[in-house]
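Inspection log for the structure reproduced underneath, given as structure tokens.
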Amino acid sequence: MRLATWNVNSIRTRVDRVVAFLERSGTDVLAMQETKCRDEQFPALAFEAAGYEVVHHGLNQWNGVAVASRVGISDVEVGFPGMPTWGDPAAAEARALGVTCDGVRVWSLYVPNGRAVGDPHYVYKLEWMAALRDAAGAWLTDDPDAQIALVGDWNIAPRDEDVWDISLFTGATHVSEPERAAFRALEDVGFTEVTRQHVEQYTYWDYQQLRFPRNEGMRIDFVQASPELAAHVVGAQIDRDERKGKAPSDHVPVIVDLG
DNA sequence: ATGACCATGTCGCATGGA
């Protein structure tokens, strides 16, 4: 099975590109983030015409997560147990969607940005990551053999080499030690990031300042796999071509092949 | 060329992204 994750930065702007990617790449299951629309606005017909079922969770023009699959979708779950809320009045945001596709539990995740170290959004980000660790750890405790993929835009660069110039990120969000510790904490409960051993490239380049032509990017999109799933990973890649041409997302697809 | 922000709602400009 070929599994991919992609922050599409608006599915309505990008739907033709996304469906073309699915058909060209032979992706069976695609987790999407930042769809930026409500459920009734999601262009489901384009996916269905290409042979994919699609499940979407979006509440407004912010966030939004989805999964498209041509190998079935079942057991849809909106948000994970204990997921923190945001705002006044406090409400869950559209940042997590769990589905089962051909025996693999896939979570499409859009981790809060954080904005700046110390900002309330940053505190929320760390709480969100801690709650995810607790929930995911409990899933593995309940079923150590479960095939679980936590995929998406983590908004964390776990290593210095995951940004083009670490000296420009002093004191910035995405590279702070608490964020990196929160990412590593998933390893403490049994998960393994499975793309790094196969991929060295960035997954995101800002639209501004020629970041892409200069390859000044960040690596913030990852796949955390349970032990049973990690054992089935036979390869991983990014599709750098998806950052080129007309109207690209600022992120590229991250692809994992399961044998 | 891989090229000098882009998306939303709303219609002049605020908000969010990283």
Side-chain angles (χ1 to χ4, degrees), chain A residues 5-18 20-21 24 32-43 56-66 86-88 91 93-95 108-126 128-129 152-180 182-183 200-222 237-254:
Chain A
T5 181
W6 192 4
N7 179 322
V8 297
N9 186 19
S10 170
I11 191 58
R12 286 177 290 175
T13 294
R14 219 78 65 204
V15 59
D16 290 347
R17 253 189 114 122
V18 172
F21 162 76
R24 174 170 53 80
M32 290 165 270
Q33 301 86 38
E34 278 211 274
T35 56
K36 291 188 169 177
C37 66
R38 301 185 303 275
D39 289 349
E40 66 269 25
Q41 298 174 304
F42 189 93
H56 175 254
H57 172 51
L59 300 170
N60 49 43
Q61 69 269 45
W62 310 123
N63 315 307
V65 281
W86 177 257
D88 183 16
E93 296 188 301
R95 295 182 177 276
S108 181
L109 303 171
Y110 179 45
V111 177
N113 175 292
R115 296 198 184 180
V117 174
D119 189 283
H121 291 84
Y122 178 83
V123 176
Y124 171 53
K125 180 181 193 173
L126 294 180
W128 203 92
M129 285 293 292
D153 177 359
W154 297 80
N155 274 318
I156 297 170
R159 300 186 187 178
D160 286 356
E161 61 265 34
D162 295 334
V163 298
W164 78 95
D165 185 351
I166 191 64
S167 71
L168 299 176
F169 284 77
T170 304
T173 183
H174 291 63
V175 300
S176 74
E177 186 49 37
E179 290 166 277
R180 289 175 167 181
F183 190 78
E200 292 184 347
Q201 295 148 299
Y202 300 129
T203 64
Y204 160 88
W205 298 261
D206 197 297
Y207 288 121
Q208 302 185 60
Q209 299 178 263
L210 293 170
R211 292 293 188 222
F212 183 57
R214 293 177 175 171
N215 196 29
E216 296 174 345
M218 300 174 72
R219 183 171 190 173
I220 53 178
D221 301 272
F222 295 99
Q237 60 189 299
I238 66 158
D239 190 342
R240 204 169 180 281
D241 289 342
E242 280 300 339
R243 186 61 180 80
K244 303 177 182 178
K246 187 181 179 187
S249 170
D250 42 4
H251 295 250
V252 291
V254 175

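Note that this is a predicted model, so its numbers are computed, not measured. Chain letters run A, B, ... following the sequence lines, proteins first, then strands; residues in each count from 1.
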### Task
Examine dA7(B): is either OP1 or OP2 under 4.0 Å from a nitrogen or oxygen in the side chain of R14(A)? Give yes or no.
yes

### Query
Taking the side chain of Q41(A) as its heavy atoms from C-beta onward, which of dG3(B), dT8(B), dG9(B) lies nearest to it?
dG9(B)

### Query
Under 4.0 Å between a side-chain N/O of R240(A) and OP1 or OP2 of dT2(B), yes or no?
no

### Message
Say we look at dA4(B) and dT8(B): how far apart would their C1' atoms be, to the nearest angstrom?
### Response
23 Å

### Query
Yes or no on salt bridge (charged side-chain N to carboxylate O under 4.0 Å, His left out) for D250(A) and R211(A), after CA distance, side-chain angles and deciding distance?
CA-CA 10 Å; D250(A) 42 4; R211(A) 292 293 188 222; over 6 Å; no

#### Entry: Whole-Å distance separating the CG atom of N60(A) from the P atom of dA7(B)
18 Å

### Query
Under 6.0 Å between the ring centres of F222(A) and W154(A)?
no

### S10(A) side-chain N/O to dT8(B) phosphate OP1/OP2 under 4.0 Å
yes

### Query
Between R180(A) and D160(A), is there a side-chain N and carboxylate O pair less than 4.0 Å apart?
yes

### Message
Does dC6(B) have its OP1 or OP2 closer than 4.0 Å to a side-chain nitrogen or oxygen of N9(A)?
### Response
no

### Message
Taking only the C1' atom of each, what is the distance from dC6(B) to dA18(B) in whole angstrom?
### Response
13 Å

### Query
dG16(B) and dT10(B): how far apart are their P atoms, nearest whole angstrom?
15 Å

### Query
With a 4.0 Å cut-off, would you call R14(A) and E242(A) a salt bridge?
no

### Query
For Y207(A) and dG16(B), what is the distance between atoms OH and P respectively, to the nearest whole Å?
18 Å

